[in-house]
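Take a look at the structure set out below.
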Amino acid sequence: MLNPVVIVLKNGKDHSLRRRHPWVFSGAIARVKGDPQEGDPVRVEASDGELLGVGHFSGGGSIAVRMLDFGPQAALPTPEFWEKKLSEAYQLRQRLGLTGTADTNVFRLVHAEGDGLPGLIVDVYGDVAVVQAHSVGMYRARPAITAALQAVFGPKLRAIYDKSAETVPGNAAPDAQNGYLLGESTGTEHLVHENGHQFAVDWETGQKTGFFIDQRDNRALLARYSPGRRVLNTFCYTGGFSVYALAAGAELVHSVDSSKKAIALTERNAKLSRHADRHAAYPDDVLGFLKNHSAQYDLLVLDPPAFAKHMGARHAALMGYKRLNAAGIAHLAPGGLLFTFSCSQVVSPELFEGAVLAAAIEAGRPARILHRLTQPADHPVSLFHPEGAYLKGLVLAVE
């Protein structure tokens, strides 16, 4: 780009960028030099002309620029930039012990702002990387990202699947389609391992990138409390919590999800665990199931999809969390354990805990917090971007 677009900030609106927060809001912009298109790489300057960094331009929302690099030495992204970023992300996962092990070959390689790449998710399933762009800039950068992934992984990477059609802003990429950027489908079942457990994963048509990797550590914790217990796993999706509970020696495990496809995957994964004789799955609305069944459980998992994706929906989400948790608590036997979660980014841990407190009060059941839970280390949160801490959970002992 011979004449890069320059975004000039209003006087006094540069403080957040100097603290390396990766978002530039539209209201902070004084003027634009050039005619940026959605997803273009741009330079961001303070009102006095000082270069603050570079990023991807977004013209359609409140976040106008997602920053890729900071400081006066920042340059527009090159192939070397992408390879360096992905290599750094991979090296971190290596240090975490998530690569090169027989027990686990599933991990998140890039967690957007947490890895300095806002708008980009990359999950690794064995020898396949699944890319998901949440911004037009990252969507347009897929060829460079593909080349960088090949450079970092070499022959260990068989295929790269693009799962961006559901996440890239539709008005900017109306013809986006999912598909392979490298390699092709094998036409067979995709089997992966997590902490020694085997799972069938569908990254081509499943939710998100195919598996909820962010619950890995919390599934392992649940396994510690599962032996001999009757377990109910709601919003089970592919049955991650169910498989861990079965393998740990739960007396029985019931899985509930409104999606028949999810239930089919859960049943398949229960069979892979070789403990399907202690498992039953129900394709049903969770609140409907809780209302229409009277069974009591010793351990209950509430892991719903995000109830609020923007601030305007937050109040309704909190009421939803209260109603759901009250219904769940009613199905816990005395002394039972509740694993309850929220992945709504706009709901803070304090607000979520308040909703669960209100549910316990409504249910009339004393409860104690045993654990406060969050996302695992391969979903890092930038110290400069606390908004990246989206997953929060509680483990309660309910009298």
Side-chain angles (χ1 to χ4, degrees), residues 1-89 110 112-122 131-152 162 164 167-176 181 382 384-385 387:
M1 187 178 294
L2 297 178
N3 296 300
V5 172
V6 177
I7 307 295
V8 182
L9 302 186
K10 296 175 181 177
N11 186 34
K13 293 295 185 179
D14 56 350
H15 300 303
S16 64
L17 258 64
R18 295 186 188 279
R19 296 194 298 268
R20 302 181 71 87
H21 192 281
W23 295 346
V24 176
F25 292 97
S26 57
I29 297 175
R31 62 186 184 279
V32 178
K33 298 178 182 178
D35 181 25
Q37 302 302 303
E38 189 82 10
D40 277 353
V42 297
R43 292 163 55 96
V44 180
E45 296 180 354
S47 58
D48 62 0
E50 178 188 357
L51 178 62
L52 299 172
V54 299
H56 281 148
F57 180 74
S58 299
S62 61
I63 302 174
V65 183
R66 289 174 168 82
M67 301 298 291
L68 298 171
D69 200 3
F70 296 87
Q73 305 303 317
L76 297 178
T78 61
E80 292 74 21
F81 165 84
W82 294 106
E83 186 174 337
K84 179 176 182 292
K85 282 287 192 180
L86 293 180
S87 179
E88 290 173 347
V110 175
E113 288 88 353
D115 286 295
L117 293 169
L120 179 65
I121 297 295
V122 181
V131 174
Q132 198 168 60
H134 290 251
S135 71
V136 176
M138 288 301 178
Y139 186 75
R140 288 174 50 185
R142 289 172 304 151
I145 294 167
T146 297
L149 284 168
Q150 289 178 273
V152 170
D162 175 28
S164 302
T167 57
V168 67
N171 58 339
D175 299 323
L181 304 173
S382 168
F384 311 106
H385 182 255
E387 297 94 329

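Everything numeric here is computed off the predicted structure, so don't read it as measured data.
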Go through the steps to decide whether V5 and D35 satisfy the test side-chain contact (heavy atoms from CB on, under 4.5 Å), and finish with yes or no.
-> CA-CA 7 Å; V5 172; D35 181 25; over 6 Å; no

Taking salt bridge (Lys or Arg N to Asp or Glu O under 4.0 Å) as the test, write out the residues that go with [X], two or more places apart.
X: R18; value: D14, E50
X: E83; value: none
X: K10; value: none
X: E88; value: K84

Donor-acceptor pairs are to be reported for all side-chain atoms of residues 112-119 against protein atoms at under 3.5 Å, with residues two or more places apart or in another chain.
from, atom 1, to, atom 2, distance (Å)
E113, OE2, W23, NE1, 2.9
D115, OD1, R93, NH1, 2.8
D115, OD2, R93, NH1, 3.4
D115, OD2, R93, NH2, 2.8
D115, OD2, H111, N, 2.7

Test side-chain hydrogen bond (donor to acceptor under 3.5 Å, both in side chains) applied to [X] - qualifying residues, sequence neighbours left out:
X: S26; answer: none
X: H21; answer: E387
X: K33; answer: none
X: R140; answer: D40

To check you understand the geometry: which heavy-atom pair defines the closest contact between [X] and [Y], and what is its length?
X: L76; Y: P4; result: CD1-CB, 3.7 Å
X: S164; Y: V131; result: OG-O, 3.9 Å
X: W82; Y: M138; result: CH2-SD, 3.6 Å

Enumerate, atom names and distances included, each donor-acceptor pair closer than 3.5 Å involving a side-chain atom of residues 141-150, sequence neighbours excluded.
from, atom 1, to, atom 2, distance (Å)
R142, NE, Y139, O, 2.7
R142, NH1, D162, OD2, 2.6
T146, OG1, R142, O, 2.9

Take atom CG of D48 as the centre, draw a 6.0 Å sphere, and report whether it contains more than 12 heavy atoms from other residues, nucleotides or ligands.
->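 Enclosed: over 12 neighbouring heavy atoms sit under 6.0 Å from CG of D48.
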
Distance-only criterion, 3.5 Å: show the donor-acceptor pairs between side-chain atoms of residues 53-71 and protein atoms not counting sequence neighbours.
from, atom 1, to, atom 2, distance (Å)
S58, OG, R66, NH1, 3.1

Backbone N or O of F81 within a donor-acceptor pair of the T78 side chain at under 3.5 Å?
->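 Yes, the answer is positive, given that a donor and an acceptor are paired below the 3.5 Å cut-off.
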
Applying side-chain contact (heavy atoms from CB on, under 4.5 Å), name anything that partners S87, two or more places apart in sequence or on another chain.
->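 Partners of S87 by the side-chain contact (heavy atoms from CB on, under 4.5 Å) criterion, ordered by chain and then number, come out as Q91, V152.
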
